[in-house]
Colleague: 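The structure is given below, and queries will be raised subsequently.
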Amino acid sequence: MICFTLLVIELPVESRVQFREYLTRVAETPTHNELAEELDEIAKEILETI
């Protein structure tokens, strides 16, 4: 998932918006595995850039 995160961060804002629904879900209701990988925090950081 780290590769996905780096890829999304490097995208232009217009492209990052396409991931907003997924990122919002991960930020608000992460699965156990997403929590273990701290993806909820990463998703929140990415959402702040949109």
Side-chain angles (χ1 to χ4, degrees):
M1 194 54 115
I2 298 294
C3 290
F4 172 77
T5 303
L6 293 174
L7 175 67
V8 172
I9 288 172
E10 293 299 318
L11 289 172
V13 173
E14 298 81 19
S15 298
R16 280 183 262 160
V17 169
Q18 295 178 12
F19 294 98
R20 181 177 282 165
E21 184 178 330
Y22 169 75
L23 293 168
T24 300
R25 199 253 334 134
V26 171
E28 294 178 356
T29 56
T31 65
H32 178 71
N33 289 338
E34 290 165 342
L35 282 171
E37 295 183 32
E38 299 180 354
L39 294 180
D40 58 319
E41 295 301 320
I42 294 168
K44 289 173 189 173
E45 290 177 21
I46 296 171
L47 284 168
E48 290 176 1
T49 69
I50 297 177

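In what follows, residues are counted from 1 in the order of the sequence shown.
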Colleague: Going by the rule side chain to side chain contact (heavy atoms under 4.5 Å, CB included), which residues pair with Leu47 if we only count those two or more places apart in sequence or in a different chain?
Modeller: Arg20, Leu23, Thr24, Ala27, Ile50
Colleague: Using the test side chain to side chain contact (heavy atoms under 4.5 Å, CB included), find all partners of Thr29 that sit at least two apart in sequence or belong to another chain.
Modeller: Arg25
Colleague: Using the salt bridge (Lys or Arg N to Asp or Glu O under 4.0 Å) rule, collect all pairs that involve residues 3-17, keeping only residues at least two apart or in two chains.
Modeller: none
Colleague: Holding to salt bridge (Lys or Arg N to Asp or Glu O under 4.0 Å), I want the full list of residues that pass it with Glu41, two or more places apart in sequence or in another chain.
Modeller: Lys44
Colleague: As an exercise, state the distance from CG of Leu39 to CD of Glu45, rounded to the nearest 0.5 Å.
Modeller: 11.0 Å
Colleague: Using side chain to side chain contact (heavy atoms under 4.5 Å, CB included), reason through Phe19 and Leu11 one step at a time and then give a plain yes or no.
Modeller: CA-CA 11 Å; Phe19 294 98; Leu11 289 172; 3.6 Å; yes
Colleague: Is it true that Leu35 and Tyr22 fall in one hydrophobic cluster, defined by side-chain heavy atoms closer than 4.5 Å?
Modeller: no
